[in-house]
There are 4 protein chains.
Amino acid sequence: MPRSPEANEKLRDESRSRILSASLRLFAELGYERATIKAIAAEAGISQGLIYAHFTSKAELLRAIFAQSMADVRASFAAAEAADAPSARIEGLLRASSEILRRNADFWRLSYSLRMQPGVLQELGSGLDDWTQSIVETLEGFLREVGAPDPAVDAELLFALIDGMSQHYVLDPDDFPLEACIERAVDFYRALPKRPKRRMPA
Amino acid sequence: MPRSPEANEKLRDESRSRILSASLRLFAELGYERATIKAIAAEAGISQGLIYAHFTSKAELLRAIFAQSMADVRASFAAAEAADAPSARIEGLLRASSEILRRNADFWRLSYSLRMQPGVLQELGSGLDDWTQSIVETLEGFLREVGAPDPAVDAELLFALIDGMSQHYVLDPDDFPLEACIERAVDFYRALPKRPKRRMPA
Amino acid sequence: MPRSPEANEKLRDESRSRILSASLRLFAELGYERATIKAIAAEAGISQGLIYAHFTSKAELLRAIFAQSMADVRASFAAAEAADAPSARIEGLLRASSEILRRNADFWRLSYSLRMQPGVLQELGSGLDDWTQSIVETLEGFLREVGAPDPAVDAELLFALIDGMSQHYVLDPDDFPLEACIERAVDFYRALPKRPKRRMPA
Amino acid sequence: MPRSPEANEKLRDESRSRILSASLRLFAELGYERATIKAIAAEAGISQGLIYAHFTSKAELLRAIFAQSMADVRASFAAAEAADAPSARIEGLLRASSEILRRNADFWRLSYSLRMQPGVLQELGSGLDDWTQSIVETLEGFLREVGAPDPAVDAELLFALIDGMSQHYVLDPDDFPLEACIERAVDFYRALPKRPKRRMPA
DNA sequence: AATGAATGAGCCTTCATTCAT
DNA sequence: GATGAATGAAGGCTCATTCAT
C-alpha cells in the first residue's frame, strides 16, 4: 500500500528543506565552489543522489537558495519602507537592516561572497544586479525627499555605507558593533550636510 | 653551454613577475578557484611546469601575490598618513584611497572576493585580519584627534564606508562615481556631528 | 479490504504487459543502455518500483522481452515453413519475412542492435545464437531440396541476404523498398545458378 | 632542458594511437556505452586523465576513431572501384570487401553496433548516413552498366547482401565462410536474372 | 499490488601537481 | 631555467535498485 500523498509530501518537504539549509550553511561557510555536493549531503544527513531528486544541478540549488532568501529579504525591506514617515525613512531603513542581517546572516555572507565572482554569478542568472539597482533607486528617492543636494551621489554613498557595515558585521558578528554603528550613521544623516562651495579638488 | 648566473637570475625574475601578474589578473577576473593553473600559464606565456619552479603550490602563489600587493598598498597608506596635518588626515586618507584603488584594482577585487571565503582565506594564512585590524586602529587615532565622541565606533563606521565605496567601485569601475562619493564623504566628516543626547532606541 | 484473487491477477497481468511493451518500445528506440528504468516506468504509466515487483532486474526484463517476442516469431516461421510445397518454400519464406518484420519491427530493431554488443548479449543469456543456428539449418534443408550445389554455403548466403534486407528495412522503414527487394530476391533464387567450374580465386 | 619537439611529438603520437586502438578494441568488444573511460585507459596502459589531453570527450574519441577508419575504408573502396573493367566491377567490389573487412574487423563491428543506436549515432554527428547513401548510388551505377532491369532496387538488394555477409562475418569470423559466400554471390550476379513477367504477388 | 522517496556505486571529466628531459 | 606529457584524486551527476508504507 503506497504511502499517502500527504505523507509523501511531508517527506519530500523535509528533505528539500534539509538540503536547502545545509547548502546555505556550507555555501556561506566554504564558498560555492568548495562546498561539495558530498559535503552538503553529509551535512543534510542524506545521500548525494537525493539532492538531484530535488534540484537538477548544483547551480540550480544555488538559485533556489537565492530565490527563497531574496523573497524573505524583499518582504522585510518592503515592510521597512512602508512603516515610516518620509523624514524618518532613512533612519527606519538603517535600523531595519540590523534585523534583516541578523536573521539571514548566512545568506548575506553567501551573497557578498558571490558578488565578487562573476563566474559563479552568471550561473546564478541575473537578478542580483537588478536588485542592487533597485535599492539604490529607493535610497535616492528617500534622499531627495529630505533635500539632499545631489541625491544620486548621496544614494551611492549611503548604499556603500550600509553595504560596508553589513559585510563587516557578517564577517565578524561577535565583534562588530552593528547597532552602535547604525545609530552613529543615523546621527550623520540627521545632520545631513549641505554641499559647500568648493574649488575643484585635484 | 651554461648561461651566466646574472642572465639566469634575470630570466628567473622575469618569469616570476609574469606569473605573478598573470595570476593576479586571472584570480581577480575569475576568482581563485576558477583560475586554472593552465590558464595562468597561458596568460603568462609560459609552461605549467614552470609555475612550480617558482611556487610550491597554487595557494603559495596566492600568498605571494598578497605579500607583494600588500607591501605596495601599505606604502601608499603610510605616505597618505604622513602627508597631512592632523586636522586634514581623514580627508587625506579618503582622497588617497581613490588612487590606491585605481592603481591596484585587480588586487582589491581579489582581496574582496577572498574575504568572504574562509575556506580559501585560511590557505592564505593569517595576515589579512591583522591588517584590517591595524587600519581600524589608525582610523581610530585620526578620529580621536578630531574629537569624535566615540572614536572606536566612528572608526568602524568610517572603515565600513571606505570599504563599501571601494567594493562598489571595484565592482563597476565605469559607473560608480568614486570621486564624487569621496568628496561627499569629506563633507560628512567636516561636519562631524556630536553625539546627541538620546533615549534608548527600541 | 483485499481485492479478490482474480482481480489481483488481472491487475498484475495488465501491469506486466504494459511494462513489457513500454520497454520493447524504448529499448528499440533508444537502445538498451539508454532506456532508463525511470523512462520505461513513465512510458508504461506506472511507478519505478513496480517494475521490480515483476522483474528482478533490467537484464531480466530484457530476457522476458526476448522470450515473448521469440515465441511469437518462431510461430510465424513455423507457419511459413509448413505452408508451402518444397519447391516454393524459399519463396514462401522470403515473402513471409516481410510480414514478420512489419509486425515486430521494434523487436527486430532491438535484436539487431543487441547482436553487436556482446556485453549486453551475455546478460541476455544464450538463446540468440542457438536460434540463428537453427535458422541456417532450416535454410540449408530448403536449399538442399531444390538442388543447390553447396547447401551449407548457400544457406549462409541466403541468411545474410535476408538479414541484410531486414536490417535495412528496420533502419528506415519508410524508404527501404522491402517488398520490391524480396521479389527481386525471389527472381534470383528461381534462377538458382549452378556452381561453375572455377580456378582457385586468389 | 626541455624535451626536443620531435621527442614530444613522438610521445604524443604514441599515446594518441594507444588510446585510439584501445578504444576501438573496447568499443567494438563491449559497445560504446559499456566501454568505460577507465577501462580504455587501462587497456591503453595510461591514466584516465591523459585521454582528455588528447580528446575533449568520449564522444570526440568516437568521432576520431570514425574519421580515421573511414578514411582508410574509403581509400580501399576507391581502389576497388577504379581497378576493374565495367563488366567486372561488381565481382571486384564483392571480392574487395573481404579484405576491407578483415583489415578493419573491429571498426566494422563498432560501426554495425552503432548503426542501430540512434542515441549514440547522433553524438557521432552525421556522416554515416551520407556514406551508406553514396555506397548505394555507386552500386546502382554498376548495376545499370551491366543492364540490371531495375538498378535502384537491385542496388538495395546487393547492398543488403553485402551488409548481411559483412555482419555475419564480423560476428563470427572463425566460422563464417566469407570467401565462399562471396564467390557464390559472384555466381548469382554473373547469372543476373532478367525480371520476368509476373502477376501481382499477393 | 503499488508507490515514490531514498540509496550508493560508478561514470565522465577537471585540475593541481610531478617528472623525464 | 624550462617544457609539456603524464598522473591521480576528487567533483558533479546518473541510474539501477531497495524499502517503508
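Residue numbers begin at 1 in each chain, while the letters A, B, ... track the order of the sequences. Atoms considered below: every heavy atom in the structure, side chains included; atoms not considered: hydrogens, waters and symmetry mates.
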Legend entry - Paired nucleotide for E:dC11 [Watson-Crick or G-U wobble; both distances under 3.5 Å]: F:dG12
Inset, instruction - Assess the pair C:F66 and C:F107: is the distance between their ring centroids shorter than 6.0 Å? - result: yes
Legend entry - Between E:dT18 (C1') and B:K58 (NZ): distance, integer Å: 17 Å
Inset, instruction - Check whether the side chains of D:R115 and D:S111 place a donor and an acceptor atom closer than 3.5 Å, and report yes or no. - result: no
Inset, instruction - Could you check whether A:I37 gets within reach of a base, just the sugar-phosphate, or nothing at all, counting any heavy atom under 4.0 Å? - result: sugar-phosphate
Legend entry - N or O in side chain of D:Y52 less than 4.0 angstrom from E:dT14 OP1/OP2: no
Inset, instruction - Under 4.0 Å between any heavy atoms, over every strand shown, what does C:R12 touch: base, sugar-phosphate, or nothing? Just pick one. - result: sugar-phosphate
Inset, instruction - Measure from CG on B:L30 to C1' on E:dC15 and round the result to the nearest Å. - result: 14 Å
Legend entry - Candidate nucleotides F:dA20, E:dA2, F:dA2, ranked by approach to the side chain of B:L50 - the nearest: F:dA2
Legend entry - Base partner of E:dA1, which must satisfy Watson-Crick or wobble distances under 3.5 Å: none
Inset, instruction - Tell me what A:S57 touches on the nucleic acid: a base, only sugar-phosphate, or nothing, going by heavy atoms under 4.0 Å. - result: sugar-phosphate
Inset, instruction - Taking only Lys NZ, Arg NE, NH1 and NH2, and the carboxylate oxygens of Asp or Glu, determine whether B:R12 and B:E9 approach each other closer than 4.0 Å. - result: no
Inset, instruction - Please report the closest heavy-atom contact between A:D106 and A:A28, naming both atoms and the distance. - result: O-CB, 3.4 Å
Inset, instruction - Could you work out which one of E:dG4, F:dG12, F:dA6 sits closest to the side chain of A:R3? - result: E:dG4
Inset, instruction - May I have the distance from C:I19 (atom CD1) to E:dA1 (atom C1'), rounded to whole angstrom? - result: 11 Å
Inset, instruction - Remember a base hit wins even if backbone is also touched, and classify A:I46 as base, sugar-phosphate or nothing at under 4.0 Å, heavy atoms. - result: sugar-phosphate
Inset, instruction - Figure out the CD1/C1' separation between D:I51 and E:dC11, and round it to whole Å. - result: 13 Å
Legend entry - Separation of atom CD in C:E33 from atom C1' in F:dT14, rounded to whole Å: 13 Å
Inset, instruction - Please report, rounded to the nearest Å, how far the P atom of E:dG4 is from the NZ atom of A:K10. - result: 19 Å
Legend entry - Any side-chain donor near an acceptor of the partner, C:Q117 and D:Y32, under 3.5 Å: no
Legend entry - Distance, rounded to the nearest Å, where C:F55 contributes CZ and F:dT18 contributes C1': 18 Å
Legend entry - Partner nucleotide of E:dT21 by Watson-Crick or wobble geometry (both distances under 3.5 Å): F:dA2
Inset, instruction - Tell me which of B:E9 and C:K38 sits closer to the 5' end of DNA chain F, going by the nucleotide each one is nearest to. - result: B:E9
Legend entry - Whole-Å distance separating the CD atom of D:E6 from the P atom of F:dT3: 17 Å
Legend entry - Most 5' of B:G45 and A:T36 on DNA chain F, judged by nearest nucleotide: B:G45
Legend entry - DNA chain E: 5'-proximal contact among A:S47 and C:Q48 (nearest heavy atom): C:Q48
Inset, instruction - Taking all non-hydrogen atoms of both residues into account, name the closest pair between B:E33 and A:E33 and its distance. - result: CG-CG, 3.6 Å
Legend entry - Short side-chain N/O contact from C:H54 to OP1 or OP2 of E:dA2, under 4.0 Å: yes
